[in-house]
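Being a predicted model, the structure only gives us computed values, none of them experimental.
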Amino acid sequence: MDLVSHLPDRLLFAVPKKGRLHQQCLDLLHGSDIQFTRNNRLDIALCLNLPVALIFLPAADIPRFVGEGNVDLGITGQDQVAEAGLDVEELIDLGFGKCKLQVQVPEKGEYQTAEQLIGKNVVTSFEGLVETYFRKLENKPTGPLATKIKYVGGSVEAACALGVADGIVDLVESGETMRAAGLKPIDTVLTTSAVLIASRTPSNPALVATITNRIRGVIAAKRYVLCNYNVSRANLAEAVKVTPGKRAPTVSPLEDGDWVAVSSMVEKKVLAQTMDRLQEIGATDILVWGKRDTELELRSIWGEDRAYQKRHCEGISYLSLSCTSAKYGGSSASISLCCRFISVLFSCNTGGVCPCISAS
Ligand SMILES: Nc1ncnc2c1ncn2[C@@H]1O[C@H](COP(=O)(O)OP(=O)(O)OP(=O)(O)O)[C@@H](O)[C@H]1O
Ligand SMILES: O=P(O)(O)OC[C@H]1O[C@H](OP(=O)(O)OP(=O)(O)O)[C@H](O)[C@@H]1O
């Protein structure tokens, strides 16, 4: 098919061609039934079931193409949108690609605050955001800055060790890269996650709305599970407070007039606590339906600060978990289970103790 002559009829949708956001974007397109086949080495793919052409671009270039109206829709990081400084419409926070743009300095160095970097060498891939940051810090709205901001395209963390920088500004997720480079954070410039963005002048607003709604549905399905349980009418008000749903729960009468069945959407990250609470209230027959998301569920067990643990789980099917729980008389329990069935843990209150994890 002649790609170029087919493009004008189609809504153009830019997705990152590589890097951290690439695979999750492909998963999102798949979940939204946006079907395509991408020929080897081609950065354009025509959709088979919608008048859409996917354009595979570096994440950093996507805000420019969308902001200047050449492309209708795009997925990239909020950091890239802010860095480009162009007017685009942010339609949905997609909830992945979460990280922070941080000021980092050598762990054992002389700098403890960002102010101490004024007049020094700072290396980054985000020149625009870093200039804005130091303008504020130096209280200099216009004119040349005292701080020397130097651009590098990648491996920013190496700049201090190489003697090019006194401090750097770069993206941090788990913190492993910076720790390994002997750096520590001293300030956060912004927090970011992946977003769906649209041009202010899209070629086909109705199709933009259709795709946006499909993606919103996929995101909701990833974030929520459906929780069903039975509860006595006497405890219904309390149970509804615990499971208010997205809008409201569905409550159906049971043949036993004193009891009702409740069906409600629950955010995965609070599912464990929600199930514990429902049990305390006296709900029975608690069943959870929905796609499992191991990363989210692990986070709900270990908490955000244990995010690094998740790395152990990527690409493996089985985990060994052990935890000491007051519920089990302070004894230690070890189990191996398939990632897909990790939700089994939800029925096991870990008593706030962090389980250990290892791949097996
Ligand atoms: N460690 C990270 N964790 C989560 N999200 C990240 C991380 N690093 C980058 N991102 C997000 O992904 C976007 C693209 O960054 P990435 O470094 O993957 O792009 P790239 O430069 O195109 O790829 P590559 O680094 O493979 O050349 C960033 O703008 C940010 O929003
Ligand atoms: O806090 P962490 O989880 O360690 O992640 C942070 C690293 O991830 C990004 O780089 P990436 O690996 O995408 O490569 P790059 O340096 O070439 O951009 C970022 O630039 C950091 O180097």
Side-chain angles (χ1 to χ4, degrees), residues 20-21 23-32 75 92-99 173-174 191-196 213-229 231 239-250 261-281 283 285-319 321 323 325 335 337-355 357:
R20 301 276 184 158
L21 307 181
Q23 188 53 48
Q24 307 211 58
C25 286
L26 295 188
D27 294 346
L28 204 53
L29 295 175
H30 178 70
S32 310
I75 297 178
I92 311 176
D93 184 335
L94 301 170
F96 58 83
K98 285 188 180 174
C99 52
E173 186 197 10
S174 64
T191 56
T192 170
S193 56
V195 275
L196 178 70
N213 286 335
R214 283 192 191 186
I215 291 178
R216 203 168 266 132
V218 176
I219 299 295
K222 280 178 82 167
R223 268 182 61 195
Y224 292 90
V225 285
L226 187 65
C227 181
N228 289 347
Y229 57 89
V231 70
V240 166
K241 272 192 220 156
V242 178
T243 57
K246 278 193 84 180
R247 193 176 297 268
T250 307
V262 181
S263 177
S264 184
M265 306 281 275
V266 174
E267 259 200 281
K268 282 181 184 171
K269 66 180 180 196
V270 295
L271 183 59
Q273 299 92 303
T274 303
M275 288 177 74
D276 288 347
R277 188 73 195 103
L278 284 174
Q279 248 155 10
E280 282 164 20
I281 290 169
D285 312 307
I286 305 168
L287 289 175
V288 175
W289 308 89
K291 201 167 162 252
R292 298 288 175 222
D293 179 327
T294 309
E295 177 188 332
L296 266 185
E297 291 176 2
L298 286 172
R299 276 179 191 227
S300 77
I301 295 164
W302 284 297
E304 291 290 328
D305 57 329
R306 305 286 293 228
Y308 66 91
Q309 294 271 22
K310 134 188 153 222
R311 297 194 156 225
H312 295 278
C313 322
E314 277 166 2
I316 59 163
S317 348
Y318 284 86
L319 307 173
L321 297 137
C323 66
S325 167
I335 39 173
L337 72 172
C338 177
C339 278
R340 281 187 299 135
F341 299 121
I342 199 117
S343 57
V344 170
L345 279 175
F346 289 134
S347 58
C348 145
N349 181 350
T350 59
V353 181
C354 287
I357 181 169

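Between Ala194 and Asp93, the shortest heavy-atom distance links the atoms O-OD1, 3.5 Å. Of all heavy-atom pairs between Lys98 and Glu173, the closest is O-CG, 3.6 Å. Summarising the geometry of Gln24 relative to Gly97, their closest heavy-atom pair is NE2-N, 4.3 Å, with the distance given to 0.1 Å. A pairwise comparison of heavy atoms in Ala221 and Lys268 identifies O-NZ, 4.2 Å as the closest pair.
Between Val288 and Leu226, every side-chain heavy-atom pair lies at or beyond the 4.5 Å cut-off. Put simply, the side chain of Ile75 reaches to within 4.5 Å of the side chain of Leu28, judged on heavy atoms. Looking at Leu278 and Cys227, their side chains come closer than 4.5 Å, going by heavy atoms from C-beta outward. In this structure, Thr274 and Arg277 have side chains that are not in contact, with every pair of non-hydrogen atoms separated by 4.5 Å or more. Proximity of Ile286 to Gln279: side-chain heavy atoms (C-beta onward) are separated by under 4.5 Å at one or more points.
When only modelled atom types and interatomic distance are considered, Thr243 and Tyr229 share a side-chain donor-acceptor pair under 3.5 Å.
When the side chain to side chain donor-acceptor pair (under 3.5 Å) test is applied to Ser263, the partners found at least two apart in sequence or on another chain are Asn228. With sequence neighbours left out, Ser32 forms a side chain to side chain donor-acceptor pair (under 3.5 Å) with no residue at all.
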Are Phe96 and Leu21 close enough, and set up right, to give a side chain to side chain contact (heavy atoms under 4.5 Å, CB included), and what steps lead you there? CA-CA 8 Å; Phe96 58 83; Leu21 307 181; 4.2 Å; yes
Apply side chain to side chain contact (heavy atoms under 4.5 Å, CB included) to Leu94 and Ile215, showing your working. CA-CA 9 Å; Leu94 301 170; Ile215 291 178; 3.7 Å; yes
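Remark: side-chain polar atoms of Ser264 are not paired, donor with acceptor, to backbone N or O of Pro249 under 3.5 angstrom.
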